[in-house]
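These notes concern the structure reproduced below.
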Number of protein chains: 2
Amino acid sequence: MQKQPTIRDVAQAAGVSVAVVSRVLNPGSGPVAAATRSRVNDVMKNLGYHPRTAARELKYGPPTTLGLLLADVSNPFFARLADQVVQEAHSRGIQVLLMTTQEDDQLESERLGTLIERRVSGIIATPTGNNVAIWKQLQDLGTDVVFVDRSIPSLPEVDVVSIDNFESARSATALLAAHGHRRIGIISGPASSTTGRDRIAGYRQAMEAAGLEQDELLIRHAAFRGPAGGDAASALLSIEDPPTALVVANTAQVTEVLRRLSHAGIDIPGTLSVIVFDDSPWTELMTPALTIVRQPIDLLARHSVQLALANTQGKSSGKPTVIRVAAELVERSSVARLQFSK
Amino acid sequence: MQKQPTIRDVAQAAGVSVAVVSRVLNPGSGPVAAATRSRVNDVMKNLGYHPRTAARELKYGPPTTLGLLLADVSNPFFARLADQVVQEAHSRGIQVLLMTTQEDDQLESERLGTLIERRVSGIIATPTGNNVAIWKQLQDLGTDVVFVDRSIPSLPEVDVVSIDNFESARSATALLAAHGHRRIGIISGPASSTTGRDRIAGYRQAMEAAGLEQDELLIRHAAFRGPAGGDAASALLSIEDPPTALVVANTAQVTEVLRRLSHAGIDIPGTLSVIVFDDSPWTELMTPALTIVRQPIDLLARHSVQLALANTQGKSSGKPTVIRVAAELVERSSVARLQFSK
DNA sequence: AAATAAAAGTGTACCGGTTCCACTTATTTT
DNA sequence: AAAATAAGTGGAACCGGTACACTTTTATTT
């Protein structure tokens, strides 16, 4: 392990002052003779010099790091989001500190503490819904906070990027209704989440528009984690007059719900038609290929990163920005046309 | 946006020196009277003070950040790895800087540059295979480098954590042979990768042990990214005497290969038996449920993090550590028993 | 050729913590 | 009661860059 050269070592070796080396390091910060510049560059290469980000950050807490706080990354939806966010950030020279909450507000609060100490310029997060005080503090500190996929109603001043949950659920439900389904179930996120509520609202509107009876038994909320999703699916199937179609609108639990359906030996779409909120590659590989609501993850990522860096670039507009991108209903083979039997 | 209080603000407000505040901040670094401690703590809370990591890092480049450099995170295997690494790191109070290379060595080199400037204490990476000089430099600088899943033969002094690729491929192939298959194909990673080579070697050994003819046409290498995986699958199926069984041993391209098989209308396991290296949840949901080689991602993550922090903790043992964890062959329904027809 | 302007380069305070060392004030030891 | 030891606190240098104010060199103008 060699001792790390500093800017002063470089300056001395090149026979110039540290100020000049700093200028070479930051083009545009001041004039440097071409000959000097190349000499300094040579010395830096020979010495294996690399400026330390920590030292640079000390002067002005710079917009070079961004926090990405997700529920977990094993979920394909979040994984793809993380992938896109990282790519988008990298393309702007920004680094990403990845953290997970496991939907645990205690863990979330710890992570937020770390992000504060690191003075990240922005945070992109899927909030658990608690820790409102800390989120507020973060904003007061000048950190750009962006909620993605979900939001917290009691924090209306935070930027939000998500799909149009209402419209997505509405159109998915409408599609099922148009195929003759009258008993349509929906499994959505917790009622405390905006995501969950909006999707249910869209579902209701579609049911009403189709003139279908709204049975509260057909509406299920499931927590983002744990067995709740599977339980909801099982419960839905065991009611007296079970649904012939199901919208799985809890993005985080799609796999869990499908596993339960599969184990129950449900024939899709024979017994049950299904539309899910998840556009993972494998939804196409299943038998039958699943009809899905495709979330434009790249757009979610791009807008999130943009907003998370907005204030930094002086583009802060007093009001919080809410971006709703359109989701796409991709029809495949998991929805059956129901014959009129009654 | 409020101005951020510094340690001096706290000191002044509490009527003590900065040294005392620092001691309160770092318990064990020196004596502080209980009364003073609580007074300082109160002031910190009132002022909303949070120490800046950047300033702290300046003194001693500390082991508080770890770089995770993956090919991409949209791939479920890497996503789950990232998830576990982050959890493991968090449990040790370490933060994770996530980066992706897209398997592009140019991008990789840029990312490595950033990691050097940040003086991360350790790096966990799936290397592209190039940039050997930079990896060496990283190590000289005292950074703990750990390759996970793959390695680079020309860098034997780097720690490696992976599954036992040879044995995994051998046992998967042996299972197929035991089911009466004689024409067994394999799609593995590029020949330049250790992963790819080891798996092929395991395959060869199993073929030989079973007394089966080794046809080079049955062995395909596919790059980790791009359409190569799918092309390899198509090519395999169109040879004169096509395989009746296939080992998809290119973890990164499993989905791509399966998609191609699905589109080609191949009946699994009727026409083709399949074993894949991927234990994503959805492999169980497919029809038929896929027989898989399950990689213990949690173990890979745990060992990686441990090694990446080893030197920091003074546990550096001159020699590089190579950890091979056992993978598990999970039999499900995608392998058919072949009747002897010849 | 003198005057003026622009370019190149230097010295040093500063960012916000940490830590060594010196110093003062209790507490023990003999 | 004097000396030795420990506890509590403060002063200031330091980490490695950045940037401002200023001096020196070179180029341009008339």
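Proteins get letters first, then strands, A, B, ... in listed order; numbering begins at 1 in each. Keep in mind the model is a prediction, meaning the values are calculated, not measured.
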Heavy-atom pair of closest approach, residues [X] and [Y]:
X	Y	value
A/Thr128	A/Glu103	CG2-C, 3.8 Å
B/Ala13	B/Leu47	CB-CD2, 4.3 Å
A/Asn75	A/Ala252	ND2-O, 3.0 Å

- Task: Decide yes or no on salt bridge (charged side-chain N to carboxylate O under 4.0 Å, His left out) for B/Asp298 and B/Arg80, but give the supporting numbers first.
- Result: CA-CA 8 Å; B/Asp298 53 336; B/Arg80 288 158 51 97; over 6 Å; no
What's the [atom1]-[atom2] distance between [X] and [N], to the nearest Å?
X	N	atom1	atom2	answer
A/Arg23	C/dG9	CZ	P	8 Å
B/Gln4	C/dG16	CD	P	9 Å
A/Ile7	C/dG9	CD1	C1'	14 Å
A/Arg52	C/dG17	CZ	P	16 Å
A/Glu117	C/dG16	CD	P	15 Å
A/Ile116	C/dG17	CD1	C1'	18 Å
B/Asn26	C/dC20	CG	P	12 Å
B/Leu58	C/dC14	CG	C1'	12 Å

- Give a yes or no answer on whether the side chain of A/Thr321 reaches the backbone of A/Asp159 with a donor-acceptor pair at less than 3.5 Å. no
- Query: So, A/Thr100 side chain and A/Ala71 main chain: donor-acceptor pair closer than 3.5 Å or not?
  - Reply: no
When all nucleic acid strands are considered with a 4.0 Å heavy-atom cut-off, which category describes [X]: base, sugar-phosphate, or nothing?
X	answer
B/Val16	sugar-phosphate
A/Val20	base
B/Ala33	sugar-phosphate
B/Val21	nothing

- Which pairs pass ring-ring contact (aromatic ring centres under 6.0 Å, His included) with one or both residues in residues 96-135 of chain B, sequence neighbours excluded? B/Trp135-B/Phe147
- Query: Could a donor-acceptor pair under 3.5 angstrom be found where the side chain of B/Arg56 meets the base of C/dG16?
  - Reply: no
- Message: Evaluate A/Glu157 against A/Lys136 for side chain to side chain contact (heavy atoms under 4.5 Å, CB included), listing each step before the verdict.
- Response: CA-CA 9 Å; A/Glu157 64 274 22; A/Lys136 281 221 177 86; 3.5 Å; yes
- Item | Worked verdict on B/Arg119 versus A/His50 for side chain to side chain donor-acceptor pair (under 3.5 Å) | CA-CA 9 Å; B/Arg119 300 291 193 276; A/His50 296 276; over 6 Å; no
- Query: First and last nucleotide of DNA chain D in contact with chain B, 5' to 3', at under 4.0 Å to a heavy atom: what are they?
  - Reply: D/dG8 to D/dG16
- Message: Is the phosphate of C/dG16 approached by B/Thr6 (side-chain N or O, under 4.0 Å from OP1 or OP2)?
- Response: no
- Task: Check whether any side-chain N or O of A/Thr36 sits under 4.0 Å from OP1 or OP2 of C/dG9, and answer yes or no.
- Result: yes
- Note on the structure: Contacts of A/Arg39 and B/Tyr49 projected onto DNA chain C by closest heavy atom; the upstream (5') one is A/Arg39
- Item | From CA spacing to verdict: salt bridge (charged side-chain N to carboxylate O under 4.0 Å, His left out), B/Arg225, B/Asp104 | CA-CA 10 Å; B/Arg225 283 181 77 85; B/Asp104 179 325; over 6 Å; no
- For DNA chain D, whose closest nucleotide is more 5', that of A/Ala55 or that of B/Ser17? B/Ser17
- Query: Taking five pairs at each end of the helix from C/dA1-D/dT30 to C/dT30-D/dA1, what angle separates the two helix axes (nearest 10°)?
  - Reply: 30°
- Minimum-distance nucleotide to B/Pro51 side chain [options: C/dA13, C/dG17, C/dT10]: C/dG17
